[in-house]
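Basis for what follows: all heavy atoms, side chains included, without hydrogens, waters or symmetry-related copies. Both counts, for ligands and for their atoms, begin at 1 and track the order of listing. Numbers here are sequence positions counted from 1.
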Amino acid sequence: MTSLTIRIGDQIPIRIGTETEVRYEQNGASLTIRRIYCKSCLLCIEACPMNILRLDQDDLIQVTEIGKCIFCGACAGRCPDFVFVLAPEKGEK
Ligand code: SF4
Ligand code: SF4
């Protein structure tokens, strides 16, 4: 498995490419997307209130505009394949 970490404010690659796990970080919070487990069911896309999820050219989920992510966890709650792992900001319980 290959992995990529993107911190908010970084230049985000247009194509995630072959990376199978992508971790986004912002103010101590993180959203890890284990793309290799994505079954392309679209449920998370429908659940995301910010409309920033879509399938890429390989039919794996990716975030289009991570700067708009509010780390709400709706995607993690909806995905039947546990693709999303949301970690709280440091200091939160
Ligand atoms: S954490 Fe919320 S805003 Fe961010 S991608 Fe998931 S559903 Fe969308
Ligand atoms: S809900 Fe999970 S399996 Fe379905 S498209 Fe989203 S990430 Fe993929």
Side-chain angles (χ1 to χ4, degrees):
M1 181 181 292
T2 55
S3 64
L4 171 70
T5 297
I6 297 171
R7 292 175 180 80
I8 306 308
D10 285 353
Q11 184 74 30
I12 296 180
I14 301 297
R15 289 185 58 182
I16 299 298
T18 59
E19 307 295 348
T20 53
E21 179 175 303
V22 182
R23 175 182 166 96
Y24 299 97
E25 297 179 342
Q26 184 175 44
N27 298 328
S30 68
L31 177 66
T32 300
I33 304 181
R34 302 182 298 170
R35 286 155 42 83
I36 196 169
Y37 299 118
C38 178
K39 304 297 191 302
S40 316
C41 71
L42 309 180
L43 291 175
C44 61
I45 295 175
E46 296 167 3
C48 177
M50 304 309 290
N51 194 28
I52 55 173
L53 295 172
R54 70 170 175 81
L55 298 182
D56 70 4
Q57 69 275 6
D58 297 318
D59 280 342
L60 298 177
I61 202 68
Q62 73 174 53
V63 179
T64 56
E65 296 176 84
I66 189 59
K68 291 184 178 178
C69 178
I70 56 175
F71 293 83
C72 66
C75 51
R78 199 71 183 91
C79 177
D81 293 289
F82 305 101
V83 167
F84 300 92
V85 179
L86 194 69
E89 292 181 29
K90 289 171 185 161
E92 284 192 8
K93 293 183 179 173

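- Only the side chain of P49 comes within contact range of ligand 1, with a heavy atom under 4.0 Å; no backbone atom does.
- Under a 4.0 Å criterion applied to the non-hydrogen atoms of L42, ligand 2 contributes the atoms 4 (Fe), 5 (S).
- Using a 4.5 Å heavy-atom threshold, the side chains of L53 and V63 count as touching.
- With respect to C75, the side chain to side chain contact (heavy atoms under 4.5 Å, CB included) criterion is satisfied by exactly one of C69, C44, C48: C44.
- Scanning all heavy atoms of the two residues, the minimum distance from F71 to Y24 falls at CE2-O, 4.2 Å.
- Below 4.0 Å from some heavy atom of C79 lie the following atoms of ligand 2, by number and element: 1 (S), 2 (Fe), 3 (S), 7 (S).
- Among all non-hydrogen protein atoms, the one lying nearest atom 4 (Fe) of ligand 1 is C69 SG, 2.4 Å.
- The closest approach between R78 and ligand 2 stays at or above 4.0 Å for every heavy atom of the residue.
- Atom 3 (S) of ligand 2 has its nearest heavy-atom neighbour, among K39, R54, Q62, E46, in K39.
- Of the protein's heavy atoms, C48 SG, 2.4 Å lies nearest to atom 8 (Fe) of ligand 1.
- Within ligand 2, the atoms closer than 4.0 Å to a non-hydrogen atom of I61 are 7 (S), numbered from 1 in the order shown.
- A salt bridge links R35 with D56: at least one charged nitrogen is closer than 4.0 Å to a carboxylate oxygen.
- Nearest non-hydrogen protein atom to atom 6 (Fe) of ligand 1 is C75 SG, 2.4 Å.
- When distances to atom 8 (Fe) of ligand 2 are checked against a cut-off of 2.8 Å, C38 contributes an N, O or S atom below that limit.
- For Y37, the closest heavy-atom approach to ligand 2 does not fall below 4.0 Å.
- Contact atoms of ligand 2 toward V83: 2 (Fe), 7 (S) (distance under 4.0 Å to a heavy atom of the residue).
- Listed by number with element, the atoms of ligand 2 under 4.0 angstrom from any heavy atom of D81 are 3 (S).
- Of all protein heavy atoms, the one closest to atom 2 (Fe) of ligand 1 is C72 SG, 2.3 Å.
- Near C44, meaning under 4.0 Å from one of its heavy atoms, ligand 2 places the atoms 1 (S), 5 (S), 6 (Fe), 7 (S).
- Salt-bridge formation is not detected for the pair E21/R23: no Lys NZ or Arg NE/NH1/NH2 atom is positioned less than 4.0 Å from an Asp or Glu carboxylate oxygen.
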